[in-house]
**Q** 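The following block contains the structure, expressed as structure tokens.
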Amino acid sequence: MAASSSPPPCPEYQPVSARLKALRERAGYSVRALAQDLGMGNKFSSYSFYEHKLKKDYLPVDLVRRLVPLLSERGDPPIAANEVWALSGVIPGGSDLNEGIERAARAQAPRRNADGTVTINEYDIAPHAGSGAIVGETDSGAGEGHASVAAWHIPRAFVENYVSDPSALVILRVSGNSMEPDFMAGERVMVDTAHRVPSPDGVYVLWNGLGVVLKQLMLVPHSNPPRIRIISINPTYPMDEVDIADLVINGRVVGKWMWK
């Protein structure tokens, strides 16, 4: 008797990253083409994050909202809109789709407190402002799969002066000395993990192939294909330069704490 093989897991029990990839392939999209249609330009690594590194249970509602018109009715069998909405935690077949979308958005949003503050989590995945902490590749990211080590309560009005949507903010701790004196070891930085495109020039948290690092990024003028300079503020560290497509950006640094 031939050995029977186990059936493939039901889609609803697969990680959301695998379900997203399956829908993209069923729709006939390449990673690059879907990233472009999502408005990400040639920064397809920003989209690839959701298929390869995301460890959350659901995709951001805003991303799925943009995916629905792109994927629906494509493929064989044609993709139903409910299949796409399910990626954000909206239950297919729900009696009120709009209510489900709003419920999923509320679940993903930062906790807005009655005292006018917003809760932002700090994660123990310190960006190493040096050669890079040695961690597994799947550990890079904006806190996905990592336990929060602290919860910062910050006035909502203050945060929204600098970031229109605080839902993607996290706080990380700097280690190493390659970004001194601007970023000292032990300082906390606030990172907008929704900002995964290296524009404008600034300080970003990125994956360098070995670890999560904090570096200054600068677009090389008139480069084709576009290239990015990876700069350490400490002059004892060398500058690097890579194609923009090879960058895996975890977010842009939008603030830090200084103690005098």
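Basis for what follows: all heavy atoms, side chains included, without hydrogens, waters or symmetry-related copies.
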**Q** Could you walk me through whether Leu172 and Val253 pass side-chain contact (heavy atoms from CB on, under 4.5 Å), step by step?
**A** CA-CA 10 Å; Leu172 305 177; Val253 174; over 6 Å; no

**Q** Among residues at least two apart in sequence or on other chains, which ones pass side-chain hydrogen bond (donor to acceptor under 3.5 Å, both in side chains) with Asn234?
**A** Thr236

**Q** Taking Val213 as the starting point, is it possible to reach Met184 by hopping between hydrophobic residues whose side chains are less than 4.5 Å apart?
**A** no

**Q** Who passes side-chain contact (heavy atoms from CB on, under 4.5 Å) against Asp201, sequence neighbours left out?
**A** Met218, Leu219

**Q** In this structure, which one of Asp192, Val159, Thr119 forms a side-chain contact (heavy atoms from CB on, under 4.5 Å) with Pro166?
**A** Val159

**Q** Do you know the tightest heavy-atom contact between Tyr47 and Ala35?
**A** CB-CB, 3.9 Å

**Q** Could you list the residues that satisfy side-chain hydrogen bond (donor to acceptor under 3.5 Å, both in side chains) with Arg74, not counting sequence neighbours?
**A** none

**Q** Begin with the C-alpha distance, continue with both residues' side-chain angles, and end with the deciding distance and a verdict on side-chain contact (heavy atoms from CB on, under 4.5 Å) for Tyr237 and Asn177.
**A** CA-CA 9 Å; Tyr237 285 80; Asn177 65 354; 2.4 Å; yes

**Q** Between Val84 and Val64, what is the shortest heavy-atom contact and its length?
**A** O-CG1, 3.3 Å

**Q** When rounded to the nearest 0.5 angstrom, what distance separates CD1 in Ile249 from CZ in Arg196?
**A** 9.5 Å

**Q** Output the distance between atom CG (Leu67) and atom OH (Tyr50), rounded to the nearest 0.5 Å.
**A** 9.5 Å

**Q** Are Leu217 and Leu247 close enough that some pair of their side-chain heavy atoms sits under 4.5 Å apart?
**A** yes

**Q** So how far is it from Gln216 CD to Ser178 OG, rounded to the nearest 0.5 Å?
**A** 11.0 Å

**Q** Distance-only, no hydrogens or angles: does the Arg188 side chain make a donor-acceptor pair with backbone N or O of Glu122 under 3.5 Å?
**A** no

**Q** Please list, chain by chain and in numerical order, all residues satisfying side-chain contact (heavy atoms from CB on, under 4.5 Å) with Phe158, sequence neighbours excluded.
**A** Ile154, Pro155, Tyr162

**Q** Return a table of donor-acceptor pairs under 3.5 angstrom between the side chains of residues 20-27 and protein atoms on other chains or two or more places apart.
**A**
| from | atom 1 | to | atom 2 | distance (Å) |
| --- | --- | --- | --- | --- |
| Arg24 | NE | Glu51 | OE2 | 2.5 |
| Arg24 | NH1 | Tyr29 | O | 2.9 |
| Arg24 | NH2 | Glu51 | OE1 | 3.1 |
| Arg26 | NE | Pro77 | O | 3.0 |
| Arg26 | NH1 | Glu83 | OE1 | 2.9 |
| Arg26 | NH2 | Pro77 | O | 3.0 |
| Arg26 | NH2 | Pro78 | O | 3.4 |
| Arg26 | NH2 | Glu83 | OE2 | 3.1 |

**Q** Could I get the full list of side-chain hydrogen bond (donor to acceptor under 3.5 Å, both in side chains) partners for Asp115, not counting sequence neighbours?
**A** Thr117

**Q** Does some side-chain heavy atom of Asn250 sit less than 4.5 Å from a side-chain heavy atom of Val191?
**A** no

**Q** Rounded to the nearest 0.5 Å, what's the gap from CD on Glu187 to CD on Glu180? Could you check?
**A** 9.0 Å

**Q** Is there a side-chain contact between Pro225 and Ile244 (heavy atoms, below 4.5 Å)?
**A** no

**Q** Do Ile231 and Val174 share a hydrophobic cluster, counting only Ile, Leu, Val, Met, Phe, Trp and Tyr and linking them when any side-chain heavy atoms are less than 4.5 Å apart?
**A** no

**Q** Could you report the tightest heavy-atom contact between Ser232 and Pro238, atom names first, then the distance?
**A** OG-O, 4.4 Å

**Q** With the side chain counted from C-beta on, respond yes when Asp240 and Lys215 share a heavy-atom pair under 4.5 Å apart, and no when they do not.
**A** no

**Q** Kindly write out the residues that satisfy side-chain hydrogen bond (donor to acceptor under 3.5 Å, both in side chains) with Glu241, not counting sequence neighbours, or none if the list is empty.
**A** Arg227

**Q** Is any side-chain heavy atom of Leu87 less than 4.5 Å from a side-chain heavy atom of Leu63?
**A** no

**Q** Taking atom CG of Asn121 and atom CD1 of Ile171, what is their separation to the nearest 0.5 Å?
**A** 8.5 Å

**Q** Taking side-chain contact (heavy atoms from CB on, under 4.5 Å) as the definition, give me every residue that meets it alongside Pro200, ordered by chain and number, with sequence neighbours left out.
**A** His195, Tyr204, Arg252

**Q** How close do Ala86 and Arg19 get, counting heavy atoms only, and between which atoms?
**A** O-NH2, 3.2 Å

**Q** Can you name the side-chain contact (heavy atoms from CB on, under 4.5 Å) partners of Ala18, sequence neighbours left out?
**A** Gln14, Pro15

**Q** Do side-chain atoms of Ser72 reach the backbone of Pro69 as a donor and acceptor pair under 3.5 angstrom?
**A** no

**Q** Same cluster or not: are Val203 and Val220 linked, directly or through other Ile, Leu, Val, Met, Phe, Trp or Tyr residues, by side-chain heavy atoms under 4.5 angstrom apart?
**A** no

**Q** OG/Ser223 to CD1/Ile228 distance, rounded to the nearest 0.5 angstrom?
**A** 7.0 Å

**Q** Is there a chain of hydrophobic side chains (I, L, V, M, F, W, Y, each step under 4.5 Å between heavy atoms) that links Leu70 to Val68?
**A** yes

